[in-house]
Amino acid sequence: MSSEQRETPTADAAGRESSYDVKAVEARWQSVWQDLEPFRADDEAVRTGAKEKRYALTMFPYPSGDLHMGHAEVIALHDVVARYWWQRGYEVLNPMGWDSFGLPAENAAIRNDAHPADYTYGNIATQFDSFRKYAASFDWSRRFNTSDPDYYRWTQWLFNRFHEKGLAYRKNSPVNWCPQDQTVLANEQVLADGTCDRCGAEVTKRELTQWYFRTTDYAQELLDSLDVLQPTWPDKVINAQRNWIGRSEGAHVDFVVQGRDEPITVYTTRPDTIFGTTFMVVAVDSALADELVTDEHREAFEAYRAEIRKASDIDRLATDRPKTGVDLGVTATNPVTGAQIPVWATDYVLADYGTGAVMGVPGGDQRDWEFATVMGLPIVRTTRPPADFDGEAYAGEGETINSPAAGVDSPLDINGMSVDDAKRATIDFLEARGTGRGAVNFRLRDWLLSRQRYWGCPIPIVHCEKDGEVRIPDDQLPLELPELRGSDLKPKGTSPLGAATEWVETTCPTCGGPARRDTDTMDTFVDSSWYFFRYVSPHDDTQAFDTDLANLWGPIDLYVGGSEHAVLHLLYSRFFTKALRDMGLVDWDEPFSAYLAQGKVINNGRKMSKSLGNGVSLGDQLEEFGVDAVRLTLVFASPPEDDIDWADVSPAGSLKFLQRAWRLSGDVTSEPGAAPSTGDQTLRRVTHKTLHEAAQLVEGHRFNVMVARTMELVNATRKVIDSGAGGSDPAVREAVEAVAIMLSLVAPYTAEEMWERLGHQPTVARVGWPEVDESLLVEESVVAVVQVKGKVRARLDVAPDISEADLEAAALADETVQRALDGATVRKVIVRAPKLVNIVV
RNA sequence: GCCGAAGUGGUGGAACAGGCAGACACGCAGGAUUUAGGUUCCUGUGCCCCCGGGCGUGCGGGUUCGACUCCCGCCUUCGGCACCA
């Protein structure tokens, strides 16, 4: 087998070793690093100001099995930055742990008649070994699992704080229900096509009393601070969050309804179109519709409502269905025209957005136009469309008309105004009259956090007949999960915890009377919404986290993870941070100062999957090419945010390069510390320029280009050894040491091996970035390009400080330039010394 | 439909405060070393060509001495939102 040969050191014609034994090198350095612990973060170094901090974080994994290609990619990319920061002299906090509550463990336990912990902690042990073999620079002394009582005790403690502040509450409401997983889901966990983001089952609705976090309290701030994050977060994540929060500006307008004391308030973004309101529509499944309908119309209404309820969510999501509805038999008064308009119920109005009632303006809204057309309701335009407009409803800019229409008497007149002016005038009018007001609406809903499953954090609430919802006192936490296993965990639509009678039946902490525990567990996104706080004091058994240390280390300077969490985890964590700040537990507003969304690893143009049979095993790749080659391949393949198609890359090529770089270290014959200033100046220029550029490239997250520059330095050094001054030149040593240090960010084993062969002590990971000699960054001579009519005709070697006049003269004197000019009259010469001359004829 | 991002050789990708398009690799072709090669090294490699050159960064215009880069209009792909009033 050839891979065996690859592992065996071989020799070239000159008898020198031409490759190293990948397996032996890996085994050896792992134990050295475990003794040295080079990446242990020191609180004191930061507290005393001795070193500047950097907090590097990559999303902790769910322990679903061993690490896979996706993990390998994030860690490879993330590690470049974390290791770079160490080399630049920062004190780096780069922790790792496990997001270890969750459904796969529970489903496995049911299948195997086991406990979810068996699966969970077995996989954690496997992943831990793999992480270390993969040479990830994590501070392992800080690791924890969110399913440990030591951790979830503090998740519960935080829940108590949210509950105290009214940020955690229960309400009865129609909720998303996954029939496959037998649990409710948050809005964020239902995909755009109405399916469950975990299992793909079609999500249905249920009316249930559930726990919520009041994320909507922070809607405006969550939106506003996206502006601050914009420069350092990917556009697509900012955009996704903006869309998700979905702010709109408009007005609430009160419509007096006959036979009802309270007016009905509608929300509209176009108060300027109020004169065109010819009917009102309310959501068919709202309490309001049920209350308004007259006896005469009730039968038709209930028949319609039953029909709508039968339709699946998938059908309801289709936007191209014909409009349907029923007349409720009541009328409302248009507050500006006094006209009586009919009130209808329909399914195109959503019960849980705005007020669940809408003013029907068919002239200005396409949906209302369609409804009016089907139902035979009048249509009035209130904005003048452009002359060439041939659509139906017109929602664009234009002059306000028919407001009021000729012959209509109204205390408000907005005719002739632009849309914006008419909006403002209408709101002012309504506010003065007390029948309306400017309003802001958000699409964002409160976060539904209860789950009807076992393997999650228990909600620390007791329900007492006398005292109601009672928090379990902090000093009685953690409330541990009861021991359930195997078939006890089978989903049955209510939480499995309910079956643990002895656990459920308890006494009220307030009155001591009989009470029942809450049987739901928390969404696992709650666990991950604060884990980055816990890392600053992971073993503290007196508090969730140390506020001083959190303020010292935080916020996270770079967060690396997949964009599948663009809304979910990132939004929840941002909400938690703001809430904890308001509780005085931390002083930062945003958890992640910069965010890098890495691409996926795919194969042959498609997502890797078992059903397609195109999966690439990380273990196999590591076995065949070694850790360094796999890491290098992932870093070099593309910009970090792009997907990597494994079919397009070459781990064999990466290994070849690493061996080539390693061979350089065997050719160096000068002693450590040899003064490079006496060596080859051309090579020195390349070395220093590369170090300078590589640093900037890492800081700009352009890791693939940084690798390319390292390759160029290797090529240049090879050339000097083979055809120039040879391996004894101290400039060669300087270059090879630079290569080892740059490689320490990407290929830690090879770098370590090189460093040792260069006569140094481990570890190369902490030797520091070499100082760049600025004087070597200035070029001795540059190539000036001479263009004639914009086309390159000649290249001249010139001094970097050549004057414009001299450069122009040199260009015009050039023979090929003269030939290209062919006697034509020179009209103009543009000179950009020292790089370019363009001759215009 | 609305919002956002991106289109460069056979492939992954470089180069954009407007100034040498294709760095660095993969692949391919040829050569050297080798008993051998999934080894190592060297050379070539955008397309066309009458060998002087011509054409080339999704398409069509524009600004400029000069455009992959800026502006206008399209096309395609990907991502988010979507009967959200």
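A, B, ... follow the sequence lines: proteins, then strands. Residue 1 opens every chain.
- Heavy atoms of A:Phe636 sit under 4.0 angstrom from at least one base atom.
- Residue contacts for A:Ser248: at a heavy-atom cut-off of 4.0 Å it reaches the sugar-phosphate backbone alone, with no base atom in range.
- Among the heavy atoms of the strands lying under 4.0 Å from A:Pro639 are primed sugar atoms or P, OP1, OP2 only; no base atom is included.
- Dashed line: the shortest gap from a side-chain N or O of A:Arg702 to OP1 or OP2 of B:A15 is under 4.0 Å.
- Remark: A:Tyr348 is not in phosphate contact with B:A85, judged by side-chain N or O atoms under 4.0 Å from OP1 or OP2.
- Residue contacts shown for A:Gln787 include a base, since a base heavy atom lies under 4.0 Å away.
- The residue A:Arg827 sits apart from the nucleic acid: no heavy atom pair falls under 4.0 Å.
- Remark: A:Phe636 engages A:Val707, A:Ala708, A:Met711 in a side chain to side chain contact (heavy atoms under 4.5 Å, CB included) (not counting sequence neighbours).
- Contact check, A:Asn715 against B:A25: a side-chain N or O comes under 4.0 Å of OP1 or OP2.
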Which side-chain N or O atoms in residues 691-701 of chain A pair as donor and acceptor under 3.5 Å with protein atoms at least two apart or in another chain?
from, atom 1, to, atom 2, distance (Å)
A:Glu693, OE1, A:Arg709, NE, 2.9
A:Glu699, OE2, A:Tyr84, OH, 2.4

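- The phosphate of B:C65 has OP1 or OP2 within less than 4.0 Å of a side-chain N or O from A:Lys828.
- The residue from A:Thr215, A:Thr216, A:Asp352 that alone fulfils the side chain to side chain donor-acceptor pair (under 3.5 Å) condition with A:Arg445 is A:Asp352.
- As judged by a 4.0 angstrom heavy-atom cut-off over every strand, A:Ala240 is placed among residues touching the sugar-phosphate backbone only.
- The pairing partner recorded for B:G53 is B:C48, the criterion being a Watson-Crick or G-U wobble arrangement whose two distances lie under 3.5 angstrom.
- A:Val358 comes within 4.0 angstrom of a base, heavy atoms only.
- The shortest distance between the side-chain N/O atoms of A:Arg709 and the OP1/OP2 oxygens of B:A14 is not below 4.0 Å.
- When only modelled atom types and interatomic distance are considered, A:Glu188 and A:Trp447 share no side-chain donor-acceptor pair under 3.5 Å.
- Residue A:Asp648 is in sugar-phosphate contact alone, with no base atom involved, counting any heavy-atom pair closer than 4.0 Å across all strands shown.
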